[in-house]
Peer 1: 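For reference, the structure I am asking about is given below.
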Amino acid sequence: MAEPARQGPDSSEFSATLLDQVFSLWVEPAVSERGLGLTRSDVVKALVAMAPSEVPKVYINDEVQLVAQVRATRSIQQGESVTLEDISGVEDLRPLDVDGNSGWIAFAKIGNEITIAFDFRRNRQTATLLVERATEFAVAAEGSLAQGHLGPAIENAFAAAELAVKAEMFLIEDKPTTKHPERVAWWTEWERLGNAPPGAARVLRELYNERGPSRYGDRPIAMAPDDVREALEGVRQMIEHTRARCAEQQPPA
């Protein structure tokens, strides 16, 4: 997400406050600790990289490499030199090279305008891998269902659903819970807050409740083939929902 942080009567209160916090929380302490002797006006670029379970790393001015998507005031040919007069605004800003599991926040001063951008998702690379593994389990569940093997179909469908949930948890937690009931409870609340597809919590709970009989034969399986087929459709929706959350560029809300 990129947000112009302008000074003056047209400034965004949110972006101005965010920029002030970037300086007070990270940039100014880093300047002081490293003895750089820079004032706020001296800092024209900064990047704070937030790797999982690590202290944020702060990069300032020439240490920062950013890529900007801008609105041009004229037609510009590939390889042609660009000046500030050729730019009417910044639409997107992001680091050139940040670890795929790190969240980040950055800003750059271009002309008289400061643009601030951020992506606080952590563990995105790990979460993306889990989404792909969830897809594989969903395929295995579909194959088992096609052969009439309800137990393996339910077990694999639950594994797929739970991996999608775990992937989403990783985007905001470095060490998400490893306990099945806690994941079910978390996903139920996540849906209640509008962050998961409607009905997704019911699907996860239903598959979890049938895990014992499907895997260990604790009791007869209560789900009919059509129930499992419907649950698998819900699992596929969960996977695609989480895949979109993990995407490099998230779709508009």
Peer 1: Could you go through the side chain to side chain contact (heavy atoms under 4.5 Å, CB included) check for L66 and R94 one step at a time?
Peer 2: CA-CA 6 Å; L66 301 172; R94 59 186 54 247; over 6 Å; no
Peer 1: In Å, rounded to the nearest 0.5 Å, how long is the span from CG of N156 to CD of E136?
Peer 2: 11.0 Å
Peer 1: Do side-chain atoms of D174 reach the backbone of E54 as a donor and acceptor pair under 3.5 angstrom?
Peer 2: no
Peer 1: Which value, rounded to the nearest 0.5 Å, describes the distance between L207 atom CG and L232 atom CG?
Peer 2: 7.5 Å
Peer 1: Would you check if M169 and V165 make a side-chain contact, meaning some heavy-atom pair closer than 4.5 Å?
Peer 2: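 Counting from C-beta outward, M169 and V165 do come under 4.5 Å.
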Peer 1: With the 4.5 Å side-chain cut-off for hydrophobic clustering, are W186 and L130 part of the same group?
Peer 2: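 The answer is no; the residues belong to distinct hydrophobic clusters.
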Peer 1: To the nearest 0.5 angstrom, please state how far the CD atom of E142 sits from the CG atom of L145.
Peer 2: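 Interatomic distance, E142 CD to L145 CG, rounded to 0.5 Å: 8.5 Å.
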Peer 1: Would L18 and I105 count as a side chain to side chain contact (heavy atoms under 4.5 Å, CB included) here? Give the steps.
Peer 2: CA-CA 10 Å; L18 183 58; I105 186 166; 3.9 Å; yes
Peer 1: Got a donor-acceptor contact below 3.5 angstrom from the N123 side chain to the I172 backbone?
Peer 2: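 Not a single qualifying donor-acceptor pair exists.
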Peer 1: Do D42 side-chain atoms and T39 backbone N/O form a donor-acceptor pair below 3.5 Å?
Peer 2: yes
Peer 1: Test side chain to side chain contact (heavy atoms under 4.5 Å, CB included) on V27 and V43 and set out the steps.
Peer 2: CA-CA 9 Å; V27 176; V43 180; 4.3 Å; yes
Peer 1: Is there a side-chain contact between H180 and R211 in this structure, where contact means two heavy atoms from C-beta onward sitting under 4.5 Å apart?
Peer 2: yes
Peer 1: Answer yes or no: is there a donor N or O on one side and an acceptor on the other, between the side chain of N101 and the main chain of A51, under 3.5 Å?
Peer 2: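 Side chain of N101 to backbone of A51: no pair is present.
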Peer 1: With a 4.5 Å limit on heavy-atom distance, are the side chains of I60 and K45 in contact?
Peer 2: no
Peer 1: With a 4.5 Å cut-off on side-chain heavy atoms, are T188 and L204 touching?
Peer 2: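 They are not in side-chain contact.
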Peer 1: Any side-chain heavy atom of S214 within less than 4.5 Å of one from L150?
Peer 2: no
Peer 1: Taking the side chain from D119 and the backbone from W104, do they hold a donor-acceptor pair closer than 3.5 Å?
Peer 2: no
Peer 1: Is the F118-F107 ring centre distance short of 6.0 angstrom?
Peer 2: no
Peer 1: State plainly whether the residues R243 and E168 are in salt-bridge range, i.e. N to O under 4.0 Å.
Peer 2: no
Peer 1: Going by heavy atoms in the side chains, are W187 and R192 under 4.5 Å from each other?
Peer 2: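 Side chain of W187 against side chain of R192, heavy atoms only: no contact under 4.5 Å found.
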Peer 1: Would you say that more than 12 heavy atoms from the other residues, nucleotides or ligands in this model lie under 6.0 Å from the CD of Q65, or not?
Peer 2: no
Peer 1: Working to the nearest 0.5 angstrom, can you tell me the gap between D99 CG and Q125 CD?
Peer 2: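 Rounded to the nearest 0.5 Å, the CG-CD separation comes to 6.0 Å.
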Peer 1: Below 4.0 angstrom, N of the basic side chain to O of the carboxylate: do E63 and R34 qualify?
Peer 2: yes
Peer 1: Rounded to the nearest 0.5 Å, what separation is found between the CG atom of L93 and the CG atom of L47?
Peer 2: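 If we round to the nearest 0.5 Å, L93:CG and L47:CG are 9.5 Å apart.
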Peer 1: Backbone N or O of N195 within a donor-acceptor pair of the H241 side chain at under 3.5 Å?
Peer 2: yes
Peer 1: Could you tell me which residues satisfy side chain to side chain contact (heavy atoms under 4.5 Å, CB included) with A159, sequence neighbours excluded, listed by chain and number?
Peer 2: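 Checked A159 against side chain to side chain contact (heavy atoms under 4.5 Å, CB included); matches are F137.
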Peer 1: Indicate if I221 and V203 have the same hydrophobic cluster label, given that clusters are the connected sets of ILVMFWY residues with side-chain heavy-atom separations under 4.5 angstrom.
Peer 2: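 As far as the 4.5 Å side-chain criterion goes, V203 and I221 are connected within one cluster.
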Peer 1: Output every pair passing salt bridge (Lys or Arg N to Asp or Glu O under 4.0 Å) with a member in residues 157-166, not counting sequence neighbours, ordered by first then second residue.
Peer 2: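 The answer is E162-R183.
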Peer 1: Does the side chain of F158 come within less than 4.5 Å of V235's, by heavy atoms?
Peer 2: no
Peer 1: Using side-chain heavy atoms (C-beta onward) and a distance below 4.5 Å, is L36 in contact with N61?
Peer 2: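 Counting from C-beta outward, L36 and N61 never come under 4.5 Å.
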Peer 1: Please assess E210 against R215 for the test salt bridge (charged side-chain N to carboxylate O under 4.0 Å, His left out), listing each intermediate value before the final yes or no.
Peer 2: CA-CA 9 Å; E210 290 300 303; R215 181 169 185 174; over 6 Å; no
Peer 1: Can you see whether R122 engages S102 through a side-chain donor-acceptor pair at a distance of less than 3.5 angstrom?
Peer 2: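 R122 vs S102: no donor-acceptor pair found between side chains.
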Peer 1: Could you list the residues that satisfy salt bridge (charged side-chain N to carboxylate O under 4.0 Å, His left out) with R40, not counting sequence neighbours?
Peer 2: D20, E28
Peer 1: Look at the side chain of E191 and the backbone N and O of A200, then say whether any donor-acceptor pair between them is shorter than 3.5 Å.
Peer 2: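 Present.
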